[in-house]
Amino acid sequence: MMELPATRILSQAVTCFLCLYIFIGSASATEGFESIACCADLNYTDPLTTLNYTTDYTWFSDKRSCRKIPETELRNRSNENVRLFDIDEGKRCYNLPTIKNGVYLIRGTFPFDSLNSSFNASIGVTQLGAVRSSRLQDLEIEGVFRATKDYIDFCLLKGEVYPFISQLELRPSPEEYLQDFPTSVLKLISRNNLGDTKDDIRFPVDQSDRIWKASSISSSAVPLSSNVSNVDLNANVTPPLTVLQTALTDPERLEFIHTDLETEDYGYRVFLYFLELDRTLQAGQRVFDIYVNSEIKKESFDVLAGGSNYRYDVLDISASGSLNVTLVKASKSEFGPLLNAYEILQVRPWIEETNQTDVGVIQKMREELLLQNSGNRALESWSGDPCILLPWKGIACDGSNGSSVITKLDLSSSNLKGLIPSSIAEMTNLETLNISHNSFDGSVPSFPLSSLLISVDLSYNDLMGKLPESIVKLPHLKSLYFGCNEHMSPEDPANMNSSLINTDYGRCKGKESRFGQVIVIGAITCGSLLITLAFGVLFVCRYRQKLIPWEGFAGKKYPMETNIIFSLPSKDDFFIKSVSIQAFTLEYIEVATERYKTLIGEGGFGSVYRGTLNDGQEVAVKVRSATSTQGTREFDNELNLLSAIQHENLVPLLGYCNESDQQILVYPFMSNGSLQDRLYGEPAKRKILDWPTRLSIALGAARGLAYLHTFPGRSVIHRDIKSSNILLDHSMCAKVADFGFSKYAPQEGDSYVSLEVRGTAGYLDPEYYKTQQLSEKSDVFSFGVVLLEIVSGREPLNIKRPRTEWSLVEWATPYIRGSKVDEIVDPGIKGGYHAEAMWRVVEVALQCLEPFSTYRPSMVAIVRELEDALIIENNASEYMKSIDSLGGSNRYSIVIEKRVLPSTTSTAESTITTQSLSHPQPR
């Protein structure tokens with residue numbers, strides 16, 4: 001009778017033990033995991049991975065920076081939110097816990113909804129480069145690093161667009177990744193599960209939560225699969241068995257090409273994983289050679305050598321631009337090569353961060369200040385490393401001795417209050433301290449005699465008591481100001497350090513003059529307020545008179561504001577422009593577009609819809625999407641610029657709407673679409689343009705750009721010239737569009753130089769990309785690409801073509817230099833152009849594409865050349881008759897000058913060569 005309870009007790013004990021074992025195993029598997037769902041309302045468990053995700057409000061509490069991802073764009077994502085950092089300067093960083101010397105994988109997920117937009121990401125201060133999307137899909141950027149301290153910063157920096165992020169994940173990672181690379185960051189380029197075309201594989205199948213992308217079959221490769229299980233996987237870096245149970249093979253060769261690498265020369269680690277799935281094969285039957293970029297790396301590689309059916313190999317190589325991994329069957333092998341999975345990681349040197357003592361002190365000081373100054377913008381902008389990449393506002397550093405240290409702290413006029421943080425005295429490398437013109441109260445903390453302070457300014461606060469003797473006696477101090485603190489006692493000059501050169505002794509000598517300044521400023525302010533009030537009254541009266549009843553839809557009346565006069569500041573100029581444009585209400589826009597019924601385009605700013613105004617004019621309405629990666633700056637930029645300039649070859653701005661978080665721009669509808677549409681766009685929009693029309697479009701676009709470049713007062717640089725931004729009206733007149741990235745040309749004395757390279761792949765000026773020095777010649781380079789598009793009817797980049805034809809510029813240039821222009825001319829216009837006019841255009845294009853901007857022509861010169869070409873084309877018959885009557889040759893020689901370009905190598909001298917080009921001799 002006693003046996004049954006005992007059995008039950010034993011059974012319950014076993015059950016509890018198993019549950020505990022499973023729980024402990026699950027917990028240990030995710031130890032060190034950090035999973036962050038940005039802007040999520042609550043913590044949750046991901047149904048696919050079973051991992052727990054926490055919201056990021058601990059890092060960023062502002063819900064105004066959150067955006068909902070439209071349900072149609074969720075793409076199986078567990079988090080339906082995205083955080084947008086609407087910042088013009090600085091960086092935003094997530095601080096995550098690590099164990100020193102541990103190896104980690106960190107991964108950010110970004111829900112792109114626009115093409116060719118990018119911003120920058122870094123691990124610590126080591127940049128991973130641009131987060132860029134060329135397709136409308138989620139993008140992940142991932143790096144592997146070794147922790148140098150007990151936390152890591154993952155930072156986002158503004159690039160072409162404001163940075164944003166949806167998820168951030170930190171995972172402990174296998175040591176083997178960084179073997180022989182202890183001080184590097186590995187940026188993931190590609191991680192592929194070959195032979196599997198279904199779903200990606202990650203946690204819990206991969207205990208390190210690496211994401212193995214399902215790879216489709218290409219060329220003649222054949223997929224293999226097997227449920228083989230008794231395999232000795234002898235390395236932590238090895239993929240899970242599920243990944244290894246599929247593979248690709250080919251009778252002769254397997255080739256894997258990656259063409260989207262950085263053009264700079266970087267090191268790469270290539271991990272190749274092999275598991276022989278045919279258990280009937282013996283050693284020597286499947287042998288192959290491994291090549292990387294046509295260089296042999298492994299000869300006669302045999303998976304089954306050594307008695308094991310599993311091997312992995314690591315190849316360390318250097319490459320730029322592209323990487324080609326090829327497996328070729330060995331001459332005496334019976335079977336072709338096999339590969340189950342591979343990873344490609346780019347090696348980036350670890351950049352040393354700021355002195356950790358200084359970092360710890362400044363972060364502690366920030367926390368102390370935020371207790372009394374919550375919401376202070378200067379303090380909240382302090383994120384990540386204080387010195388490197390983008391230094392914190394008010395901080396200057398010195399890196400001359402290797403590790404950067406903080407030498408200057410200037411928080412003057414920062415609207416701060418409360419006690420001066422005691423931690424400020426712990427900044428042992430500080431030389432300059434300025435906290436003047438704030439509302440600090442309490443006493444001044446003492447500083448150690450080891451302090452390196454040279455200059456201290458505590459003036460214009462509410463401090464009290466006496467100045468600590470430790471400050472007065474600092475050995476290096478040269479300047480000390482602490483006057484205009486009403487409750488603070490002046491200092492006896494006899495007590496002051498004799499080395500002081502500048503001091504106010506605590507007396508507020510400037511109070512009288514300061515009072516006078518206040519009176520003057522007050523008078524000016526009052527006057528300004530009165531003027532503003534007067535204009536406000538006029539504005540209200542004008543607004544009330546100008547409400548236009550619109551009865552075009554169901555008899556309902558909608559208000560429309562018209563001819564609003566206001567000013568928009570330009571961040572790149574020294575003055576404010578007054579503009580006169582229409583301001584539409586949101587309700588008016590929604591009715592005009594029939595609730596955004598007809599979509600006619602997509603762009604980085606958002607969607608473009610067709611609409612009709614109440615006067616019958618057709619318009620294109622550009623609406624910033626909720627998750628747009630372009631922000632208020634681009635909206636204001638286009639609004640400001642197009643309100644200040646007018647030209648027949650620039651798209652005019654009809655109006656705007658900025659209401660209920662909606663930012664909308666309204667333009668005339670261009671019935672013939674874009675130049676890109678007509679040359680090689682969607683079949684429904686494509687239309688063969690004859691050569692005279694193409695030449696006329698090129699000339700119109702050139703005139704629009706020339707107007708920008710010679711704009712009175714200060715030239716304007718477009719920064720995103722491409723065929724899709726050249727629109728065509730009903731009469732095929734070209735109009736340059738999309739000024740969101742436009743910028744005033746830099747001038748001598750400008751205090752701010754942009755480090756943001758803008759543009760589109762295939763059009764981007766290589767000199768601008770490398771030097772980040774902007775000029776009008778960057779637009780000239782892009783226009784040269786457009787001219788080649790017009791001539792050839794080809795897109796600037798197309799990786800579906802043969803490798804030598806991917807880049808339009810690289811493909812076309814040799815033909816032009818070799819006098820074989822017919823080889824690049826669009827078949828649709830062959831026989832329909834005058835040779836001399838065509839040659840003038842291709843020669844202008846070639847000059848525009850000079851690698852060094854110094855040798856490119858101005859847009860004004862380009863306009864002259866295109867005008868001549870159009871005259872020749874339009875008078876082709878008379879021109880040919882004159883040649884015939886004079887017995888002219890149809891060939892002539894031109895002189896092409898080969899210039900010596902500024903370079904680190906001096907291999908060429910100036911020479912003049914003569915080439916015979918097949919086009920008519922002008923008379």
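When reading the values below, keep in mind they use all heavy atoms of this one structure, side chains included, and skip hydrogens, waters and symmetry mates.
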Check: Gln282 main-chain N/O paired with Gln285 side-chain donor or acceptor under 3.5 Å: yes

Least distance between heavy atoms, Pro239 atom then Leu244 atom: O-CD1, 4.0 Å

Check: Arg171 and Glu142 side chains under 4.5 Å, non-hydrogen atoms: no

Exceeds 12 heavy-atom contacts within 6.0 angstrom, atom CG of Asn227: no

Any side-chain donor near an acceptor of the partner, Tyr342 and Asn192, under 3.5 Å: yes

Main-chain N/O of Trp806 paired to Trp811 side chain as donor or acceptor, under 3.5 Å: no

Glu264 (side chain) donor-acceptor with Ser320 (main chain) under 3.5 angstrom: no

Side-chain donor-acceptor pair present, Thr760, Asp720, cut-off under 3.5 Å: yes

Trace of the side chain to side chain contact (heavy atoms under 4.5 Å, CB included) decision for Tyr104 with Ile123: CA-CA 11 Å; Tyr104 290 87; Ile123 298 176; over 6 Å; no

Under 3.5 Å: donor-acceptor pair, side chain of Ser333, backbone of Val287: yes

From Leu679 atom CG to Gln676 atom CD, the distance as rounded to the nearest 0.5 Å: 8.5 Å

Approximate separation, where rounding is to 0.5 Å, of Thr238 OG1 and Glu176 CD: 7.5 Å

Asn120 side, atom CG; Leu128 side, atom CG - distance, nearest 0.5 Å: 10.0 Å

Presence of salt bridge, Asp765 and Arg856, under 4.0 angstrom: yes

Close side-chain approach of Val243 and Pro240, heavy atoms under 4.5 Å: yes

Under 3.5 Å: donor-acceptor pair, side chain of Asp289, backbone of Val328: no

Ile257 atom CD1, over 12 foreign heavy atoms within 6.0 Å: yes

Donor-acceptor side-chain pairing of Arg286 and Thr249 below 3.5 angstrom: yes

Note, Leu323 side chain near Ile189 side chain (heavy atom, < 4.5 Å): no

Minimum side-chain heavy-atom gap Met838-Ile829 below 4.5 Å: yes

CA sep, side-chain torsions, deciding dist, call: Glu276, Arg311, salt bridge (charged side-chain N to carboxylate O under 4.0 Å, His left out): CA-CA 9 Å; Glu276 180 55 71; Arg311 288 181 66 180; over 6 Å; no

Ser173 to Leu105 - nearest heavy-atom pair and separation: CB-N, 3.7 Å

Nearest-0.5 Å distance, CG of residue Leu224 to CG of residue Leu277: 6.0 Å

Non-hydrogen atoms of Ser322 and Ala319 that approach each other most closely: O-CB, 3.9 Å

Non-hydrogen side-chain atoms of Phe154 and Ile141 separated by less than 4.5 Å: yes

Residues Asp313 and Lys297 bridged, charged N to O under 4.0 Å: no

Interatomic distance, Ser308 atom OG to Leu233 atom CG [nearest 0.5 angstrom]: 8.5 Å

Smallest separation among heavy atoms of Glu789 and Pro796, with atom names: OE1-CD, 3.6 Å

Pairs where residues 331-349 contributes a residue and the test salt bridge (Lys or Arg N to Asp or Glu O under 4.0 Å) is met, not counting sequence neighbours: Arg191-Glu343, Glu262-Arg348

Sub-4.5 Å side-chain heavy-atom contact between Leu797 and Ser807: yes

Inter-residue atom distance Tyr268.OH - Leu261.CG, 0.5 Å rounding: 4.0 Å

The single option from Lys213, Arg202, Arg107 passing salt bridge (charged side-chain N to carboxylate O under 4.0 Å, His left out) against Glu140: Lys213

Test item: Lys722 side-chain N/O and Ser782 main-chain N/O as donor-acceptor pair under 3.5 Å: no

Full working for side chain to side chain contact (heavy atoms under 4.5 Å, CB included) between Leu788 and Ile816: CA-CA 11 Å; Leu788 290 186; Ile816 299 173; 3.9 Å; yes

Nearest non-hydrogen partners of Ala147 and Thr98, listed with the distance: CB-OG1, 3.6 Å

Stepwise side-chain hydrogen bond (donor to acceptor under 3.5 Å, both in side chains) check, Glu255 with Asn324: CA-CA 7 Å; Glu255 190 171 19; Asn324 184 323; 2.7 Å; yes

Close side-chain approach of Arg794 to Tyr680, heavy-atom, < 4.5 Å: no

Side-chain heavy-atom pair Leu315, Lys298 within 4.5 angstrom cut-off: yes

Intermediate values then yes/no, side chain to side chain contact (heavy atoms under 4.5 Å, CB included), Val314 and Tyr312: CA-CA 7 Å; Val314 184; Tyr312 84 94; 3.6 Å; yes

Taking every non-hydrogen atom, the tightest pair across Phe781 and Glu850: CD1-O, 4.3 Å

Whether Asp302 side chain and Ala283 backbone form a donor-acceptor pair below 3.5 Å: no

Side chain to side chain contact (heavy atoms under 4.5 Å, CB included) between Phe274 and Leu327, intermediate numbers included: CA-CA 12 Å; Phe274 308 92; Leu327 283 58; 3.9 Å; yes

Donor-acceptor contact present, side-chain Asn79 to main-chain Ser166, <3.5 Å: yes

Asn293 (side chain) donor-acceptor with Glu295 (main chain) under 3.5 angstrom: no

